[in-house]
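Proteins get letters first, then strands, A, B, ... in listed order; numbering begins at 1 in each.
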Amino acid sequence: MKFLEKPFGYERVLTKEDLQKKVVKKKGPRASDWKSTLGRIWKIVDEQRALLVMVLLMVVVSSALALIGPFLIGKMIDHYIVPGNFKAMLPMIVALIAIYIVLSVSLYLQNYWMIGVAQQTIYRMRTGVFHKLLRLPVSFFDKRQHGELMSRATNDIETVSATLNSAFIQVFSSVLTLTGTFIVMMYLSPLLTLLTMTIIPIMFIAMQWITRRTGKLFKEQQAAVGALNGMIEETISGQRVIKAFSQEERVKEEFREKSALLRKTGFWALAYSGYIPKVMNALNNASFAIVAGIGGILALNEYVTIGTIVIFTEYARQFTRPLNDLANQFNTVLSAIAGAERVFAIMDEPAEVETGRLPADHQLHGAVAFSDVSFKYEQAEEEYTLRHVSFKVEPGQTAALVGATGAGKTTIMQLIARFYDVDEGAVLFDDVDVRDLTRETLRSQMAFVLQDPFLFEASVYENIRYGKLDASDADIVEAAKKANAHDFITKLPNGYETVLTADGSEISQGQKQLLSIARALVADPVILLLDEATSSIDTVTELKIQEALEVLMQGRTSFVIAHRLNTIRSADVVFVMQKGELVEAGPQSDLIAKGGIYASMLKAQEDLA
Amino acid sequence: MKTVFSYIKPYKWPALIALTLMLIELFVELVQPLIMAKIIDEGILASNGDAIWLWGAVMFGLALVALISGITNSYFSSHAAQSFGYDLRNELFSKIQSFTMATYLKFPTSSLITRLTSDITQVQNVFFMSLRIMLRAPLAVIGSMIMAFAVNAKMALFLVIGAPILLLFLAFMVKRGVAYFSHVQNRLDRVNRVLQEGLQAVRLVKAYMRGQYESSRFEKVADALKFDTMKALRTMELIMPVLLLVMNFSLLAVLWFGAREVSAGSAQVGDLVAVVNYAMRMTGAFSMFAFIIVAFARAKASAERMEEILLIEDGLEVRSGQAIDFAEEQLGTVRFNNVSFAYNDTPVLRNVSFDVKQGEKLAIMGATGAGKSSLLSLIPRFYEATSGTVFVNGRNVLDWDLDALRAMIGFVPQQSLLFTGSISENVGWGKVDAGLGEIEAAAAKAQIHEAVESFPNAYNTRVGQKGVNLSGGQKQRLSIARALIRKSQILILDDSTSALDVKTEAALWDALEEERATMLVVTQKIRTARGADRILLLDAGQVVGFGSHSELVQTNELYKKIAQSQQEQGEHS
């Protein structure tokens, strides 16, 4: 009994409430959830209707031929072999050869086309998720693990793929055979047919019992896979820290826990879904017994002939086999739905809303202003990250943002780039609210050197070209020279063609920054945002690129964050941030003269130097 | 596949029980027609109602037995398959954890992820299926074959005429299938890779409006995956029609020659019909057979990919080394003796020698790409020197027990990598049993305590992956706190204060002074270097200066240049 409560030590995943809730909700949103998920998959599948029709046609052909073959063989035995009419067999054999060839070809074709339809559908779903991910607001990614999101575009979609390849053909051909057999059975004996049908209600109840469990379990299983994927991605990306702190054992332990959760849900999902063929088999056997037993009694009373019973049991078998197939397919479809739901959940996330009214080619002049801006990253938070910030930067000016860490400097940059929308007030470009500009307008005229430089697994050329896709190789070399990156690039094994790896260590952090500066130089923007762009670069090199940066900043509106205050010596205006508020603003000379916070910061730095 | 399959061993009993239960089911299925015959012969023909009831009941009972064994099988096979997958997954993950940093460079994260999830699922599913249905198809084929031979060996011979060709064909297809499917999994690696990049670079993609570009990059890899999956599946889809065709032709051959035999009087029509019947049953089992072969090829491809990892023997960290007691004055010393180092044949460090005394603070300076971070990564043995020796506590790092060595060292990497979790979890990361008091103390020393306290959830604030929701300086200070909590004798900071403002940084250095640890600090700032006991200057992987600030500023050209660069900038402002 204890074993039944906890087989092999697996705790139950589903509680009684879980199952009961399902029953109540059965008619409500859940049923429609199912349908809508299936409907959405169908919509993509249906885009290839022509191929789909061909597949169905081939299924009809192969099902028909599969029936005609044995039929002809029967005829041949009865009419030619038994009477010994040997010669007349030849045309029949030839006909059968033709039939079998067509049968094999039609089988191959239906699968060939179906694989095409299925994989195209998968492709569309996969790229759909990716497109969507790129259109989601930055805030969506703030609290999600990369690996978990990746799992949706791989593991979850794979469940759909596995199902689509086979389910469609199976379901259709099962329905065909089922109908055909049913007609023959009715013709043979309506009474026995009725007897055979008695198993159908039981089958429904059993299926409902099983799928109520598996439907939920499959979902939990996919979620567990996602969690595991998230953990794997994060630990492997953060390997250096794990090693530095000798935390391998602990990470393994954590992995085992997540892995055990997957095993547990997987165990129940597999066990319950394993019920289906067994229950179907049993019902199959039961119907066999019913037909044989009751049929036998009927035969005794001469309601039916023995021959009918014999043939009928054969047909009853034929009747339940496609039912069995259908039931099995139903289960894989459920697992596909569990995967697809997670995929569609991403697709249903609200994307960045395009509020721009002005045409995409609207030219920015470079004036940037904050008008009484307040902002917090999360609505639930009480504290605002920025409070009532107002300032104005004229076209071509360089503005420096200074202040302690966490004062809100990067936040200001992120609002200028419109990674987030303000909660109160407005960000203005040339007196136009940023929300009236399309993102295209804004970002095509802006370059951003981020705090954490990121390189793609691509050549140096491509990495720099990211700033401007139509830049020529010469432009890129030019930018790299300005950014003082040319020397080290030429020392790489393949120079500009060297393929960099995102997690590789072939180039240093400082060199990554030089490349991302080159990337911004190539972009040739109206507005330039430099967030700690030179923090990992040594001061001698910095001095060299300073000139290039100054040239770059000329005629452009630039925002610069730097903790080495001398990096920002050429700034036209300085904004001093403190705990989310703008406490001082103005030209450097004014601020120094004023003797306020900025002056004391400068003094502190000089004292320490 | 052998290595992967060895993970089945612990579950051989559940697996065997599952197989036995499956055989019981199969037995019931085979017996049924016999009972049916009994009902007809003893019941209906003999007009014996009782016999009908009796055999009907037996039949019903057997169906019940089949159901019970089927459902029990479900549990045993599910347990065996899931546990097999679980063990394999854990073993793979453990193996990956023991990779050296150099081995990681060979396997991209994305590929490791696929192997740990998708590949395991493939193998696990095939194992599960084989415990439940797979044996049935071969058994059905073999059983029918035996029966056919029993009926009339001569005619049955025609059924196996095609067999040698079929076997060759199948062997060929499996080989192709393994190659194709392993290609598919490699494509999946690429998809994972581009996905991961897209996610990591989400701000960059937005800043440069490269959604279109990224999408087309992704479309390319997704399209390649589609193409190869289609190729693999379509090739494998040949198996079933070909099997059917050969079988059907054999059937026709049986009919043709069987008919001759019959007309010659050397065989009965009944025999012919029976053999034809068995042949048809065999064809019925073939679709399952084809399915098994495809699944097997796919699983084999995945198993091979896993074995690639499981069988790695070089490139693993050697953890064990003897623990020895060190002389008091040796504790916390670091010495490089003529050390050279290269990444994949690209030389990074050349003949570097220096030493750091107990409690000393060494600043390391040099141009971008001079080899500063590489030098530091040799101390906790992330990488091993290509030549020369690194000593910690006077002992060659290669002789150290790896855990003991790393326990000596508080390491703050250049990029502050935080993990998803709360702030206290992140700070306490370096010390599993750390109490809140310790965590707060470490945070206070790292000058982050006040900032954390000002968060609504203080130390319970959730940090996103890589600390995305914190500012650069906050991340750096948390990363420092994480190292400080271990109270290590050697503290390594790889330019880890670059995002801090001057005041905070000064306070941080003051607090670190109190730690009395030996410190190796990479810095760009002369200001920080001046506070160090000695300064090591690197240029293009070589030591070009080593001494105190006052010495270097007199004698070293490069150092003078660096000092000047910061002086000059200072004067401008």
Side-chain angles (χ1 to χ4, degrees), chain A residues 8 81 84 86 100 104 107-108 111 115 119 123 126 130 134 142-143 145-146 150 232 236 238 241 244-246 248 255 259 263 266-267 270-271 274 278 282 285-286 289 292-293 296 299 404-406 443 448 451 454 488 508-511 535 537-541 543 566 569 604-605 608-609, chain B residues 39 43-44 52 56 59-60 63 67 70-71 74-75 78-79 82 86 89 93 97 109 113 195 199 201-202 204 207 209 211 218-219 222 226 230 233 237 241 245 248 259 263 367-369 403 406 411 414 417 430 464-465 468-469 471-474 498 501-502 524 527 565-566 569-570 572-573:
Chain A
F8 306 105
I81 296 178
F86 194 57
Y100 284 137
S104 278
L107 276 177
Y108 182 67
N111 282 309
I115 288 167
Q119 291 309 312
Y123 170 81
R126 219 193 288 275
F130 191 77
L134 294 179
D142 284 353
K143 294 228 163 130
Q145 284 181 299
H146 298 153
M150 286 160 72
I232 296 168
I236 296 179
V241 175
F245 291 88
S246 294
E248 286 94 343
F255 181 82
S259 179
R263 173 172 71 164
F267 169 78
L270 268 190
K278 306 308 168 187
N285 289 333
T405 54
R443 291 180 188 154
F448 202 155
Q451 226 168 33
F454 185 84
F488 89 81
S508 76
Q509 187 72 5
Q511 289 167 335
S535 60
I537 298 169
D538 68 284
T539 47
V540 178
T541 310
L543 207 60
N566 32 28
R569 65 197 157 135
Q605 192 155 71
L608 286 163
Chain B
I39 292 182
I44 304 171
I52 295 179
M59 213 166 180
F60 209 81
L67 176 68
I71 285 190
S74 218
Y75 283 89
S78 176
H79 167 59
Q82 289 292 341
Y86 170 78
R89 199 160 49 221
F93 189 77
Q97 285 301 322
T109 314
I113 294 175
L195 259 172
L199 290 169
V202 75
L204 190 67
M209 284 301 277
F218 185 78
E219 275 162 21
K226 175 181 93 171
M230 275 173 21
L233 290 175
E237 213 47 71
L245 198 64
N248 282 329
S263 68
T368 303
D403 289 328
R406 290 176 181 166
F411 193 89
Q414 194 168 20
L417 264 173
Q465 184 163 4
V468 281
N469 44 351
S471 85
Q474 288 166 342
S498 60
D501 57 281
V502 181
Q524 314 289 359
R527 189 176 70 240
S565 74
Q566 300 187 21
Q569 288 183 353
H572 269 271
S573 55

Among B:His79, B:Gln97, B:Met230, who wins on heavy-atom pairs under 4.5 Å with chain A? B:His79
Quick one: does B:Phe218's side chain get under 4.5 Å of A:Arg126's, heavy atoms only? yes
Looking only at heavy atoms, the pair that brings A:Leu270 and B:Gln82 closest together is CD1-NE2, 3.5 Å
Mind listing the closest non-hydrogen atom pair of A:Leu107 and B:Pro241 along with its distance? CB-CG, 4.4 Å
Interface check, chain A: of B:Leu195, B:Leu67, B:Asn248, most non-hydrogen pairs under 4.5 Å belong to B:Asn248
Taking the inter-plane angle between the rings of A:Phe255 and B:Phe93 on a 0 to 90° scale, is it parallel (under 30°), tilted (30 to 60°) or perpendicular (over 60°)? parallel
Which atom pair, heavy atoms only, marks the closest approach of A:Gly266 to B:Ser78? O-OG, 4.2 Å
Nearest heavy atoms of B:Gly369 and A:Ser508, plus distance in Å: N-OG, 3.5 Å
Heavy atoms only: give me the nearest B:Glu237-A:Asn111 pair and the separation to one decimal. CG-CB, 3.0 Å
Proximal component of B:Gln414, with respect to chain A [non-hydrogen, under 4.5 Å]: side chain
Relative to chain B, which segment of A:Phe488 carries a heavy atom at a distance below 4.5 Å: side chain, backbone, both, or neither? neither
Taking every non-hydrogen pair under 4.5 Å, which of A:Glu248, A:Gln119, A:Arg263, A:Met150 racks up the most with chain B? A:Arg263
Do you know the tightest heavy-atom contact between A:Ala271 and B:Ser74? O-OG, 2.7 Å
